[in-house]
Amino acid sequence: MKTTIANVHKHLNETVTIGAWLHNKRSSGKISFLQLRDGSGFIQGVVAKAAVSEEEFELSKEISQESSLYVTGTVVEDSRSPLGYELQVTGLELIQEAVDYPITPKEHGTEFLMDHRHLWLRSKKQHAIMKVRNEIIRSTYEFFNNEGFVKIDPPILTGASAEGTTELFHTKYFDEDAYLSQSGQLYMEAAAMALGRVFSFGPTFRAEKSKTRRHLIEFWMIEPEMAFMDHEESLQMQEEYVAFVVQSVLKNCQVELDTLERDRSQLEKITAPFPRITYTDAIQLLKDQGFDDIDWGDDFGAPHETAIAESFDKPVFITHFPLHIKAFYMKPDPDNPDVALCADLIAPEGYGEIIGGSERIDDYELMAQRYKEHDLEGPAYQWYLQLRQYGSVPHSGFGLGLERTVAWITGIEHIRETIPFPRLLNRLYP
RNA sequence: UCCAGCGUAGCUCAGAGGUAGAGCAAUCGGCUGUUAACCGAUUGGUCGCAGGUUCGAAUCCUGCCGCUGGAGCCA
């Protein structure tokens with residue numbers, strides 16, 4: 001019967017057929033070892049000359065990397081296999097012979113692999129990263145569903161920017177100007193006033209000329225927005241959410257974490273609550289560590305963020321940033337109007353900011369004043385101002401960058417491997 | 001945009017004024033427990049592009065193009 005590699009454990013000592021690609025092979029005169037993959041996992045097929053026809057044994061020795069085939073064999077336990085099982089092959093049927101597959105089992109450079117991203121995804125490490133990414137997405141939906149959130153999809157084509165701080169991709173919308181969304185947040189605030197607790201999951205676009213291991217031009221964000229929630233309650237939701245995702249990956253992606261050689265003890269520590277430090281204390285911490293290139297009122301650079309993160313072994317919230325370096329919609333702290341009720345969550349091990357969030361301004365007069373200060377007047381934002389006019393309530397929200405989170409949890413060096421087809425400063429192919 | 005480094009075989013790299021090299025891949029052969037298998041043989045080149053210096057340039061110089069790492073910007 002036909003099955004998948006992920007399900008062979010249900011067919012111990014039975015004969016099964018698997019549709020697969022040849023990942024690699026080793027052969028000697030009378031026995032061949034086929035490393036097979038079918039998308040669900042990897043398994044070794046052992047072809048003994050005596051167990052198959054002469055034609056099939058010849059095929060097992062000659063078959064090329066990434067050729068597709070149907071493999072029939074008996075599932076047996078084997079302690080030498082990472083999966084715990086291997087296939088004693090009794091039949092081989094070639095579907096298509098792959099000629100000169102470019103990605104060999106040896107080393108390759110970054111540019112070459114990126115040019116062959118459509119094929120690179122087949123390799124073991126990339127396969128593992130995509131499985132972890134999927135588990136992060138799956139557990140995100142599980143967490144927010146459990147907390148009574150409704151998934152809401154904000155538009156990708158917008159008439160104006162949410163924050164005005166970043167470079168947008170411009171396009172034509174018939175006779176009007178339009179921009180690709182850099183954040184769904186303003187729309188999510190409208191949705192929260194309709195449905196209470198909402199979250200979005202979708203792509204965002206930033207035309208920044210950033211060229212670092214932490215930046216993508218197109219990246220995916222998870223943006224929850226919660227009515228009747230203040231800043232402190234939002235922080236609790238954030239730490240519980242992130243801890244839930246990490247623990248879900250630990251539980252459901254053990255083979256993948258092993259493939260990625262991820263140090264699990266680093267992830268096992270990730271439980272709520274997370275440490276918090278105010279912006280003002282973080283500046284002092286940096287000065288105590290010898291940084292003399294930053295003063296109160298400056299935003300953090302990458303080395304600053306990393307230094308703060310390394311002072312903790314869990315993700316750390318940096319709270320209460322100066323109002324003027326943050327977005328116009330953030331609510332000032334009633335106890336100190338120079339700072340905002342906001343927080344960035346910095347991942348450990350130098351992976352940088354993974355969440356930015358705040359309580360939002362709910363007072364109509366103050367929001368109207370911010371509009372003037374930030375020169376945001378005009379029809380594009382009228383609807384957003386109206387949210388403060390008709391039953392305004394305290395509310396908070398945050399945005400989590402999926403790819404940075406995947407990079408942190410998988411422990412990989414560069415964000416370009418966390419998304420199937422990365423859009424980078426100089427890359428739109430494949 | 002700025003700083004630094006790199007462009008040589010399909011891939012990863014060595015060669016630093018004097019005959020273009022290795023490992024892997026590919027092709028042929030050998031091997032019954034391999035784990036990036038191993039062993040033997042064969043094939044494979046516009047040395048990124050353009051100009052210059054020199055008897056002679058992959059090698060030195062200039063410009064351009066491309067890539068990588070970092071900074072800034074940003075999440």
Side-chain angles (χ1 to χ4, degrees), chain A residues 23-35 42-51 57 60-62 64-66 76 78-83 86 88 98-116 119-120 123-125 161-168 182-183 185 203-223 293 298-306 325-327 342 344-347 350-357 398-405 407-408 413-416 418 424-427:
Chain A
H23 190 246
N24 196 8
K25 74 164 189 296
R26 298 169 199 93
S27 69
S28 63
K30 291 173 184 163
I31 189 166
S32 307
F33 302 96
L34 309 179
Q35 315 303 319
F42 293 78
I43 195 170
Q44 173 163 272
V46 182
V47 189
K49 189 172 184 179
F57 188 69
S60 79
K61 292 207 306 185
E62 288 171 7
S64 56
Q65 193 189 353
E66 287 305 319
V76 297
D78 193 295
S79 58
R80 291 165 290 194
S81 158
L83 187 70
E86 64 179 26
Q88 296 285 354
V99 179
D100 292 334
Y101 184 72
I103 302 179
T104 65
K106 294 282 178 178
E107 294 167 33
H108 299 284
T110 301
E111 187 186 7
F112 178 81
L113 288 170
M114 291 299 292
D115 282 343
H116 295 84
L119 304 175
W120 189 22
S123 73
K124 229 169 188 168
K125 183 179 169 192
S161 78
E163 309 188 10
T165 56
T166 192
E167 291 290 324
L168 301 176
Q182 58 148 344
S183 163
Q185 187 207 305
T204 50
F205 309 87
R206 310 236 171 140
E208 300 287 346
K209 301 221 184 272
S210 300
K211 190 172 156 285
T212 81
R213 66 171 61 130
R214 300 181 308 281
H215 288 87
L216 291 167
I217 301 302
E218 178 182 304
F219 68 102
W220 288 62
M221 276 213 290
I222 290 135
E223 294 185 281
D293 58 344
D298 298 336
D299 210 347
F300 299 119
H304 305 123
E305 253 179 22
T306 302
I325 58 173
K326 287 295 180 181
C342 70
D344 286 355
L345 184 67
I346 312 298
Y351 285 95
E353 180 187 344
I354 55 172
I355 289 181
F398 60 95
L400 174 135
L402 176 67
E403 285 77 16
R404 284 190 182 175
T405 304
W408 163 48
E413 191 67 19
H414 200 297
I415 200 167
R416 64 185 160 224
T418 63
L424 298 163
L425 191 49
N426 291 317
R427 181 166 295 278

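Proteins get letters first, then strands, A, B, ... in listed order; numbering begins at 1 in each.
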Check your understanding: On a whole-Å scale, what distance lies between the P atoms belonging to rG72(B) and rG23(B)?
Key -> 44 Å
Taking a pair to mean Watson-Crick or G-U wobble geometry with both distances below 3.5 Å, rG66(B) pairs with rC6(B)
- Query: Looking across every strand, which nucleic acid part, if any, lies under 4.0 Å from Asp299(A) by heavy atom: base, sugar-phosphate, or nothing?
  - Reply: nothing
Applying the 3.5 Å cut-off to both distances, the Watson-Crick or G-U partner of rC60(B) turns out to be rG52(B)
With the side chain defined as heavy atoms from C-beta on, Lys209(A) is closest, among rC73(B), rC11(B), rG72(B), to rG72(B)
Partner of rA37(B) under the Watson-Crick or G-U wobble criteria, both distances under 3.5 Å, comes out as none
### Message
Under 4.0 Å, counting only non-hydrogen atoms across every strand here, what does Phe33(A) touch: a base, just sugar-phosphate, or nothing?
### Response
base
Asp78(A) CG to rU35(B) C1', in whole Å, measures 11 Å
Using Watson-Crick geometry (N1-N3 plus N6-O4 or O6-N4) or G-U wobble (N1-O2, O6-N3), each under 3.5 Å, rA14(B) is paired with none
Over all strands shown, is Ser32(A) touching base, sugar-phosphate only, or nothing at heavy-atom distances under 4.0 angstrom?
nothing
Per nearest nucleotide of RNA chain B, the residue lying toward the 5' end, Gln65(A) or Asn24(A), is Gln65(A)
Picking from rC73(B), rC31(B), rA75(B), the nucleotide nearest the side-chain atoms of Ser28(A) would be rC31(B)
Worksheet item: When rounded to the nearest Å, what value does the distance between P atoms of rG10(B) and rG44(B) take?
Response: 12 Å
Side-chain contact check for Arg206(A): nearest option of rA75(B), rC73(B), rA37(B) is rA75(B)
Sorted by position of nearest nucleotide on RNA chain B, 5' first, the leading residue of Gly29(A) and Glu62(A) is Glu62(A)
Looking across every strand, which nucleic acid part, if any, lies under 4.0 Å from Asp115(A) by heavy atom: base, sugar-phosphate, or nothing? nothing
Applying a 4.0 Å non-hydrogen cut-off, can you work out what Gly109(A) is touching in the nucleic acid: base, sugar-phosphate, or nothing? sugar-phosphate
Review point. Quick one: does Glu403(A)'s side chain have a donor or acceptor within less than 3.5 Å of a partner on Trp220(A)'s backbone?
Key: yes
To the nearest angstrom, the NZ-C1' distance between Lys49(A) and rU34(B) comes to 18 Å
**Message:** At 4.0 Å (heavy atoms only), tell me whether Thr104(A) reaches a base, stays on the sugar-phosphate, or touches nothing.
**Reply:** sugar-phosphate
Would you classify Glu403(A) as touching base, sugar-phosphate or nothing, given that sugar-phosphate means primed atoms plus P, OP1 and OP2, and contacts are heavy atoms under 4.0 Å? nothing
### Task
Identify whether any heavy atom of Glu86(A) sits under 4.0 Å from a base atom; if not, whether one sits that close to sugar-phosphate; answer base, sugar-phosphate or nothing.
base
message: Distance criterion of 3.5 Å, no angle test: do you see the side chain of Gln44(A) paired donor-to-acceptor with the base of rU34(B)?
response: yes
Check every strand shown and say whether Glu353(A) touches a base, only sugar-phosphate, or nothing at a heavy-atom separation below 4.0 Å.
sugar-phosphate
Say you pick atom P in rG40(B) and the same atom in rG51(B); how far apart are they, in whole Å?
-> 45 Å
From the list Met114(A), His108(A), Lys125(A), side chain to side chain contact (heavy atoms under 4.5 Å, CB included) partner of Trp120(A) resolves to Met114(A)
- Query: Arg80(A) near the nucleic acid: base, sugar-phosphate alone, or nothing, with a heavy-atom cut-off under 4.0 Å?
  - Reply: base
From CG of Leu425(A) across to P of rA71(B) the rounded distance in Å is 15 Å
**Prompt:** Base, sugar-phosphate, or nothing for Arg427(A), non-hydrogen atoms under 4.0 angstrom?
**Reply:** nothing
When rounded to the nearest 0.5 Å, the distance separating OG of Ser210(A) from CG of Leu216(A) is 10.0 Å
From the candidates rU68(B), rA71(B), rC11(B), the one with an atom nearest any side-chain atom of Ala302(A) is rA71(B)
### Message
Base, sugar-phosphate or nothing for Lys211(A)? Non-hydrogen atoms, less than 4.0 Å.
### Response
base
Pick the C1' atom in rA75(B) and in rA4(B), then give their distance to the nearest Å.
26 Å
Rounded P spacing from rC60(B) to rU68(B) in Å: 24 Å
To the nearest angstrom, the CZ-P distance between Arg213(A) and rC67(B) comes to 19 Å
Glu111(A) atom CD is separated from rC67(B) atom C1', nearest whole Å, by 5 Å
Self-check item: Validation row: Glu218(A), Arg206(A) side chains within 4.5 angstrom (heavy atoms)
Solution: no
Worksheet item: How far, in whole Å, is rG66(B) from rC49(B) if one measures between their P atoms?
Response: 15 Å
**Step-by-step side-chain contact (heavy atoms from CB on, under 4.5 Å) determination, Arg213(A) to Ile415(A)** = CA-CA 6 Å; Arg213(A) 66 171 61 130; Ile415(A) 200 167; 5.8 Å; no
### Query
Is it true that a side-chain atom of Arg404(A) and a backbone atom of Arg214(A) form a donor plus acceptor pair closer than 3.5 Å?
yes
pair_partner(rU42(B)), Watson-Crick or wobble, both distances < 3.5 Å, evaluates to rA26(B)
Please check this pair: side chain of Gln182(A) against backbone of Thr204(A), looking for a donor-acceptor N/O pair closer than 3.5 Å. no
In whole angstroms, the gap separating C1' of rA9(B) from CZ of Phe112(A) amounts to 13 Å
Classify the nucleic acid contact of Tyr101(A) as base, sugar-phosphate or nothing, counting any heavy atom under 4.0 Å across all strands shown.
nothing
Which whole number of Å gives the distance between the P atom of rC73(B) and that of rC67(B)?
-> 24 Å
Smallest heavy-atom separation, Ala98(A) atom then Gln65(A) atom, equals CB-O, 3.4 Å
Separation of rG23(B) atom P from His108(A) atom NE2, nearest Å, is 18 Å
From NZ of Lys61(A) across to P of rU32(B) the rounded distance in Å is 9 Å
Picking from rU34(B), rG33(B), rA75(B), the nucleotide nearest the side-chain atoms of Arg26(A) would be rU34(B)
Spacing of the C1' atoms in rG30(B) and rU19(B) (rounded, Å)
35 Å
- Task: Determine the contact category for His414(A): base if any of its heavy atoms lies under 4.0 Å from a base atom, sugar-phosphate if only primed atoms, P, OP1 or OP2 are that close, otherwise nothing.
- Result: sugar-phosphate
